[in-house]
Each structure stands twice: as C-alpha cells, then as structure tokens.
Amino acid sequence: MTDPIISIEPLSDELMDAYLASGMERGKAGRFAVEWAFGNNPAPFAVARHNGQIVGISGYIQSRMQFGSETGIAFQAVDSFVSESMRGKGIFTQLARAYDTHATSSGGDLVWGFPNDNAAPAWFGKLGWHSHGQVPFLIKPLRAGFFCRKFRLPLDFPLTRARDQNLSSIAEVGEWGDALWHSVAPTVGVGTVRDRAFLNHRLFNAPQAEQYRVVASPDQTAPSIVATREAKKHGGRIAYVMEALGGSSLEPLVMSELGRLASRGVELALAWSFPWSPNYSTLRKAGFIPLPERLRPIHIWFGSRPKSGLAAPADQQGQWYLSYLDSDTV
C-alpha cells in the first residue's frame, strides 16, 4: 500500500463534507459548529489522503495565549479522525507530527490539548508532549438526590446555604471585559487570553450559546463574570461552571448562581481550577472540593508542547490557568 499524502489545509467544501460524514461530534453539530471552532485559524487541519480520498483529519483551534507578560499564538488539538480502513497504520501520529511542524514554521508558540485515554499514550509518548496529569476537577454538591439515588433512597434536599439573588443574565461582554482580563492577567502565568473578544466569541457566538447563562458585575474598577451551563449527565443534573473570574465582586456572583442552580434542581456543580489559580480560593470558599481521580467518571488528560522559547513556561507546574472555557466539548 502506498503511504498517504499529508498536507496542511484551510477549511474547504471538501473538508467540510468529510467532517460532517466523519462521525466526530463537531461534525454531528453541523457546519456552523465547524466554522465557529476553526474560523480564527487560516490553516486548521492536517489532512491525510490516499488514492485521492480523505482518510484522516486532525483539527486545531488557534488562540491568543498569555505567557507571563507576553502574548503568543497557540494551537489546541481538538479533533482527530482516521477512516476505519486505514486505522492501525500510524496515520494519527503522522497527522500530529505534520501539524507540529506547521506550528513551528508558521510562527506558533505552543501546541496543547486534552487527550483522552486512547490518545494520551501517543501524545505523551511518540509526540513528545509534556503531561500535566488530569485536568483539575472541582466538585460542589448542591442537592442530596444525586447521592441518595445511589442507595435507592427517595430523598432530595439542598446541600448548600447559597441563595439565589435573582441576578439578570447578560447578552454580551462590554469594554469591562478587557478591564477584567487586565486585572487578573498578572496572576496568570500561562493561559488563553480571556479578553472581551474571546468571551463574546466563546460564550455568546458559540453554537450552544443559548445553553449558557452569564452574569457579571461590570464595574470597571473590579469587574467579575460567572458563566454556567446545565446538563443531564453522569446520572444526574449537573452544572458546569464555565468561568468564574474577577475581583472582590466574584464571590457574591458565585454564591448567587449556586443558589439558583440548587433551586432549579441541579445536583452537582463542576469546575476546573488549579490551586494556584486566581479563582481557586473563591471556589473553595463556595464549597468546591477537588474530585479524587479514582471517582472521576471520565479521564481528561492535559498536555503541552512549547514551540518557542516564549512558551517554555507552559511545561512548568504552577503556571497554567484553566477553566471549562478551554474545553471544546462543553
């Protein structure tokens, strides 16, 4: 068998059709989901062709990344597909290596992502990624029903003292979003730039935008934002804390939203936050606790591969800021 031809390509009608037919979740979500995810990247795909047919695709989201006091370009590996007839022939690794080379030649600073159990051995082995372990899951029980069902007990009652303050949701992030990022950026070593443009794109222009609830304290001197998404998953009603970031006004926002979620029957709230993150103490005060790895329903690994000296801190402990906004699946 001849080797497949690997190329780096922009989004095209041919690639869109292949995406929609691939069975990947983003393809199932439709054209807009694909365009929204990759629109910021002029060449987001490594593509494998055999006898003129697309047999493999890897997709990368491009974003602005903070490295200390500087800003660079990062590529997040998010989607990979190899046709069934071509699996086991090393195409996944060839695609990843091709894009790794492209990231360097195009002036990128970092390749990173969240591989699952199946992909992790390749990323952390052959491809040379640095492993940061699993993502920093925090959990906050909101109602007893989730746990009572495990013991077949017909009970349910609130497990939080937080009370809904009936905050109004917002429909966009204004100029205060840039002030928010500037206020927290000095405490972030490495992380996606969460300025006004990013927050609007990620929360309000996303295919699933109607599923997010966003509240904010837009005071320019101490702005804060909390974004959540409810879902029926893991055997109960849960909420993802997509983002909780800000100053002194953050804690009241978090507590109000937790109270609202509990009153709506949501049983668990989940968040991502490292102990060194600027929002960690606020989340812990609100009752979030680290979820032990042995209790996690799924394993989500976190890795990075710097492509420039600027991004060298990305492999160091104590540098990263993560939240569910960094996940491309929530």
Side-chain angles (χ1 to χ4, degrees), residues 2-16 18-19 22 24 26 34-50 52-83 86 89-115 119-132 189-193 195 197-198 201 301-316 319-320 326 328:
T2 58
D3 291 334
I5 298 173
I6 310 293
S7 57
I8 306 299
E9 302 182 19
L11 182 60
S12 62
D13 289 342
E14 180 192 19
L15 273 174
M16 178 64 80
Y19 235 93
S22 68
M24 290 187 287
R26 202 181 315 279
V34 178
E35 293 169 347
W36 172 82
F38 301 112
N40 290 332
N41 190 345
F45 303 110
V47 183
R49 286 183 172 82
H50 184 250
Q53 301 296 314
I54 293 177
V55 295
I57 305 172
S58 288
Y60 292 75
I61 294 174
Q62 179 176 317
S63 61
R64 294 173 61 223
M65 186 71 66
Q66 175 167 305
F67 303 105
S69 60
E70 304 294 328
T71 301
I73 299 298
F75 299 101
Q76 182 180 355
V78 292
D79 293 337
S80 288
F81 162 78
V82 176
S83 64
M86 300 295 287
K89 304 180 187 301
I91 293 178
F92 171 83
T93 303
Q94 293 178 54
L95 290 169
R97 284 177 173 160
Y99 207 90
D100 190 81
T101 300
H102 166 74
T104 302
S105 63
S106 64
D109 298 291
L110 179 72
V111 180
W112 67 295
F114 305 109
W123 288 116
F124 300 136
K126 297 177 183 178
L127 298 170
W129 280 29
H130 173 79
S131 174
H132 297 275
V190 179
T192 302
V193 173
D195 57 7
F198 171 83
H201 174 74
W301 301 91
F302 171 40
S304 57
R305 181 170 168 81
K307 306 305 297 177
S308 71
L310 179 66
D315 281 356
Q316 299 171 10
Q319 296 294 313
W320 275 90
D326 293 300
D328 69 298

Restricting to side-chain hydrogen bond (donor to acceptor under 3.5 Å, both in side chains), what partner residues turn up for [X], sequence neighbours left out?
| X | value |
| --- | --- |
| R97 | none |
| D328 | R26 |
| Q316 | none |

Exercise for the section: Not counting sequence neighbours, which residues clear side-chain contact (heavy atoms from CB on, under 4.5 Å) with A43? List them please. Expected result: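 Per chain and number, A43 pairs via side-chain contact (heavy atoms from CB on, under 4.5 Å) with I8, H102.
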Practice task
Output all residues satisfying side-chain contact (heavy atoms from CB on, under 4.5 Å) with T192, sequence neighbours left out; order by chain, then residue number.
Solution key: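 Partners of T192 under the side-chain contact (heavy atoms from CB on, under 4.5 Å) test: S63, M65, W112, R194, F198, D326.
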Practice task
Could you name each residue pair satisfying side-chain hydrogen bond (donor to acceptor under 3.5 Å, both in side chains) that touches residues 120-132, not counting sequence neighbours?
Solution key: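 Qualifying pairs, neighbours excluded: H132-S304.
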Which heavy atom of [X] sits nearest a heavy atom of [Y], and at what distance?
| X | Y | value |
| --- | --- | --- |
| R305 | G128 | NH1-O, 3.4 Å |
| A314 | L110 | CB-CD1, 3.7 Å |
| L127 | A96 | CD1-CB, 3.5 Å |

Handout entry: Residues in salt bridge (Lys or Arg N to Asp or Glu O under 4.0 Å) contact with E35, at least two apart in sequence or another chain
Key =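 Counting only residues at least two positions away or on another chain, E35 forms no salt bridge (Lys or Arg N to Asp or Glu O under 4.0 Å).
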Handout entry: salt bridge (Lys or Arg N to Asp or Glu O under 4.0 Å) involving D315 - partner list, sequence neighbours excluded
Key =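 Partners of D315 by the salt bridge (Lys or Arg N to Asp or Glu O under 4.0 Å) criterion come out as none, since no residue qualifies.
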Let me have the donor-acceptor pairs involving side chains of residues 306-313, under 3.5 Å, with sequence neighbours excluded, atom names and distances please.
from	atom 1	to	atom 2	distance (Å)
K307	NZ	D100	OD1	3.3
K307	NZ	D100	OD2	2.6
K307	NZ	T104	OG1	3.3
S308	OG	D109	OD1	2.7
S308	OG	L310	N	3.4

Straight-line distance of [X] [atom1] to [Y] [atom2], nearest 0.5 Å:
| X | Y | atom1 | atom2 | result |
| --- | --- | --- | --- | --- |
| W301 | F124 | CH2 | CZ | 7.5 Å |
| W36 | H201 | CH2 | NE2 | 5.0 Å |
| I91 | I6 | CD1 | CD1 | 6.5 Å |
| S22 | I54 | OG | CD1 | 10.5 Å |

Problem - From CA spacing to verdict: side chain to side chain contact (heavy atoms under 4.5 Å, CB included), Q319, F67 - result: CA-CA 9 Å; Q319 296 294 313; F67 303 105; over 6 Å; no
Exercise for the section: Determine which pairs satisfy salt bridge (charged side-chain N to carboxylate O under 4.0 Å, His left out) with at least one residue from residues 63-73, sequence neighbours left out, and list them in order. Expected result: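 Every salt bridge (charged side-chain N to carboxylate O under 4.0 Å, His left out) pair that includes a residue of residues 63-73, provided the two are not neighbours, is R64-D195.
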Exercise for the section: State whether a side-chain donor-acceptor pair under 3.5 Å links E14 with S12. Expected result: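 No - no donor-acceptor pair under 3.5 Å links their side chains.
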Handout entry: Side-chain touch Q53/M86, heavy atoms, less than 4.5 angstrom
Key =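 When only atoms from C-beta onward are counted, M86 and Q53 do not touch, as no gap falls below 4.5 Å.
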Problem - Heavy-atom check, side chain of D79 versus side chain of F38, under 4.5 Å - result: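 Yes - at least one pair of side-chain heavy atoms lies under 4.5 Å apart.
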For residues 55-62, which side-chain donor-acceptor pairs fall under 3.5 Å, sequence neighbours excluded?
from	atom 1	to	atom 2	distance (Å)
S58	OG	S80	OG	3.2

Practice task
Show the numbers, then the answer: is there a side chain to side chain contact (heavy atoms under 4.5 Å, CB included) between E9 and R49?
Solution key: CA-CA 12 Å; E9 302 182 19; R49 286 183 172 82; 2.3 Å; yes
Practice task
Applying ring pair (Phe, Tyr, Trp, His ring centres under 6.0 Å), name anything that partners F75, two or more places apart in sequence or on another chain.
Solution key: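 F75 satisfies ring pair (Phe, Tyr, Trp, His ring centres under 6.0 Å) with Y99 only.
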